[in-house]
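When reading the values below, keep in mind they use all heavy atoms of this one structure, side chains included, and skip hydrogens, waters and symmetry mates. Here is how names work: the chains are called A, B, and so on, in the same order as the sequence lines, proteins then strands, and each is numbered from 1.
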Protein chains: 2
Amino acid sequence: MVNIKDVAARANVSVGTVSRVLAKNETVGKELRELVEATIRELNFRPNGVARGLRRSRTDMIGLVIPDITNPFFAELAKHVEAIASSAGFSVLLSITNDDPKIELAQIDSLLKSYPTGLIVVPTQFGASKGWSSDVATVAVDRRFTGLPLISVNHYRGAGLAAAHLVALGHERIAYIAGSADAPVSRERRAGFLNTLASAGVRCEAVEGHFDYASGETLGRFLLDRPPHERPTAIATASDQQAIGLLRAASDLDLKVPDDVSIIGFDDIPLANLVTPRLTTISQPVEQIAARAFAAITGADNVPLQDDYLEATLVVRGSTAALLQV
Amino acid sequence: MVNIKDVAARANVSVGTVSRVLAKNETVGKELRELVEATIRELNFRPNGVARGLRRSRTDMIGLVIPDITNPFFAELAKHVEAIASSAGFSVLLSITNDDPKIELAQIDSLLKSYPTGLIVVPTQFGASKGWSSDVATVAVDRRFTGLPLISVNHYRGAGLAAAHLVALGHERIAYIAGSADAPVSRERRAGFLNTLASAGVRCEAVEGHFDYASGETLGRFLLDRPPHERPTAIATASDQQAIGLLRAASDLDLKVPDDVSIIGFDDIPLANLVTPRLTTISQPVEQIAARAFAAITGADNVPLQDDYLEATLVVRGSTAALLQV
DNA sequence: CTGTTAGCGCTTTCAA
DNA sequence: TTGAAAGCGCTAACAG
C-alpha cells in the first residue's frame, strides 16, 4: 500500500505537508497543496485510518449498541445513525446485546478497544446497569442508562397524546395494552396514557404484556372477545408491534377497525403505514433522535452532552375514528 | 490509559513477554505467564486494538455492507453475522448502501480505511459493479458481485420447492408475483418457479413488482379481484413481504386463505410466523449463510474463499392447503 | 509556510 | 525461554 511517505517523496515535499493537506484546514500554500492533491490522486493514496487512530488515540468510528436489530424501531434508528455518521466521515461499529446486561457490558468493553469517538447505546430493557464510565463520549438513547445523558422521546407525553386523541373522539370505554412493567419505558408510557385519561375522567382497563406482535394479539383477543357492551371501543398499545397483533385479533373476531374498535399504536414503524387499515400511532422522531445523539457524542454544533427530550407527534391514519353514537 | 509497557514494568518483564502472553499461544514460562496475567488483572490493562491493528495492518473487525437494515431479511442476517463475529472476538462495521451502487463503492472504500480482516457484502440489487478488488478477503452474500465468491441460498431451487408444493396440493390455476426483472435474484426465483411448474405441465400467470409489502398488495388485488373461476387458486411470491401484502389484499376482498386461495412466500422472515394465517414459505438458512460467510473471510476451518450455495427448505404453515375439489 | 522528528502501543524478528 | 529494538503510518509539536 502507498503511504504518506511515498506521496511526500513523489511530490518532493515533507510528510508534514502531506499530512496538513489531508487535514484540510491547515495553512499550506496553494501551489503545494495542489501539487500534493494531484500526487495523492496519481498514486491513489488512501490514508491509513488505523495509524491515524493510534496517533490521535481516537478513530473516526462511533459505536452503536442496541438490544435487537430485528426490532423495526431499532433498525430504523440504526439506519439513521449510519446515514448521519457516514456522511460525516465516520464508520459505525454495531453491537447487539440481545437485551442481556452481561452481554451489553462485554460488548461495550470490546468496542472500546477500537477507540471510537463516541458511543450511542440503547440500554437493555431491564438493566439498571451500575454506574459505568469511560473517557469516550457516550449517550443513552430511548432508555435510561445510569449515569449517562439520555436522548429520548418523552414517552409520558407521547402516550398522553394517544389518550387525548381517543378522548377527543368520544371514547369512554378504553383499554390499554402495556409492555412489561419491569421496563421503565413501559411504565412511562403507561403512566402517561392512564394519567391523561384520568384527568379527563375516563376510566381504563390496562393489561400488561410485552412489546411484540404475539403479545398484542393475545391480549387483544382477551379484551375483544366479549359481548359488544362490555368490549372496549378503543384500545391503545405501548408499541406498533402490539397494535398490529391486535389488528389481527380484531380481524379474527370479525370486528371492523375502526368501526367496532379504534386502535392506536406507538412508534410509527414502517409497517404501521402498510397494514390495513393504516395504523394511527404516536410517531417518534427517530431521525432527530439519531441526529441529536450523533451531535452529542461528536460534540458537533457545540451540542453539550446532556439529557435531551424530544416530543412525539400524533399521526392520525385509518385505525381510529369517532365513537359511533348508538 | 495503562499500556503494555506499564504492565511490563510492574511485572519486571519485557514488553515482548507481555505481548506473548496476550497472544496466548506463545512459549512463555508458566511462572512468568501467571505473573503477567495477574499484573494485567491488577492494572486492569486493556490492550489497544488500534495499535495492534497498525502493527499487523489488520484489525479484529469485519465489514458488513447491506442495502437496507430495515429489510427484515437483512436485519436477520446482520444479527447472525454480529453474533458470530462477536463470539470470535471481532467487531462489525456496518455500512448501508441504500441499494445505490455509487454509495456502495464509497462505503466499501471507507470501510477499508479501518483495515478490517474481511468484508461481507450484500451487493446492490441492480448493480453490476465493475470488477473490484482489494487485498482484504471479501465475499458476496445473497447476490452476485462481479469477481467475488458468492455465498447464497440456491434461489432457483428454493423457488422450485414452492412450485412443487403447490402442484402436490393439486393446484392448477397458479400465479406468481415476481420481484423486479432487473434484479438477478428475482429472475432466478422466477425461473425456478416457472420452470418447475412447466415440467409438471402447469401453466402460470406471472406478474412483476418489487420485493415489498405494497407491491404484494397491489398485484395481489389485481390477481384476486376476479370471478371465482378466473381467479388463481394459489399464488406464490418472490418475498415474504409481498406475501404479507397479498394476505392483506385477500382479506380485503373477503377471500379466505387458504380456503379460497393458497399463498406461499419466500425468505421466512420473523413476521411470516406471526401473521394470520401463518405463512407457508421457503426458508433461507440465514444463520448458516452468516456462518459460512464469516468462516470464508476469516479463513477459519480452512474454509476456502469460493462460491457456496446452500439449500432452502419448505416450511409448511397455514397459508397453503390442498385444492378443494368442486 | 514548510521541514524534521518524536512518538502513539503494539508485534515480531533477532540475539542472547 | 526471554529481552532488546525496530518499526507499522500517521499527527503534532517545534524549528526554521
Give every donor-acceptor pair under 3.5 Å between a side-chain atom in residues 46-59 of chain B and any protein atom, sequence neighbours left out.
from	atom 1	to	atom 2	distance (Å)
R46(B)	NH1	D109(A)	OD2	2.9
R46(B)	NH2	N44(B)	OD1	3.1
N48(B)	OD1	V50(B)	N	2.7
N48(B)	OD1	A51(B)	N	3.0
R52(B)	NH1	D60(B)	OD2	3.0
T59(B)	OG1	S114(B)	O	3.0
T59(B)	OG1	Y115(B)	O	2.9

task: Only counting residues at least two apart or in another chain, list the ones meeting side-chain hydrogen bond (donor to acceptor under 3.5 Å, both in side chains) with S14(B).
output: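 So S14(B) forms a side-chain hydrogen bond (donor to acceptor under 3.5 Å, both in side chains) with T17(B).
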
field: Residue pair L148(A) / D307(A): nearest heavy atoms and the distance that separates them
entry: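 Shortest heavy-atom contact: O-OD1, 4.2 Å.
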
- request: Give a yes or no on this: more than 12 heavy atoms of other residues, nucleotides or ligands lie within 6.0 Å of atom CZ of R33(B).
  value: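 Counting neighbours around CZ of R33(B), more than 12 heavy atoms of other residues, nucleotides or ligands fall under 6.0 Å, so yes.
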
I need the [atom1]-[atom2] distance between [X] and [N], as an integer number of Å.
X	N	atom1	atom2	answer
L54(A)	dC8(D)	CG	C1'	9 Å
K24(A)	dA12(D)	NZ	C1'	19 Å
R33(A)	dT2(C)	CZ	P	9 Å
L32(A)	dG3(C)	CG	P	6 Å
I40(A)	dG9(D)	CD1	C1'	14 Å
R58(A)	dC10(D)	CZ	C1'	14 Å

task: Check the pair F294(A), I62(A) against side-chain contact (heavy atoms from CB on, under 4.5 Å), reporting the backbone distance first and the verdict last.
output: CA-CA 9 Å; F294(A) 183 79; I62(A) 63 163; 3.9 Å; yes

- prompt: Could you run down nucleotides 10-16 of chain C 5' to 3' and tag each one B, S or - for protein heavy-atom contact under 4.0 Å?
  reply: BBBB---

field: Candidate list D142(A), I269(A), L77(A), test side chain to side chain contact (heavy atoms under 4.5 Å, CB included), partner Q284(A), passing option
entry: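 Result: among D142(A), I269(A), L77(A), D142(A) is the only option passing the side chain to side chain contact (heavy atoms under 4.5 Å, CB included) with Q284(A).
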
message: Under 4.0 Å, counting only non-hydrogen atoms across every strand here, what does V50(A) touch: a base, just sugar-phosphate, or nothing?
response: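 V50(A): no heavy atom of the nucleic acid under 4.0 Å.
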
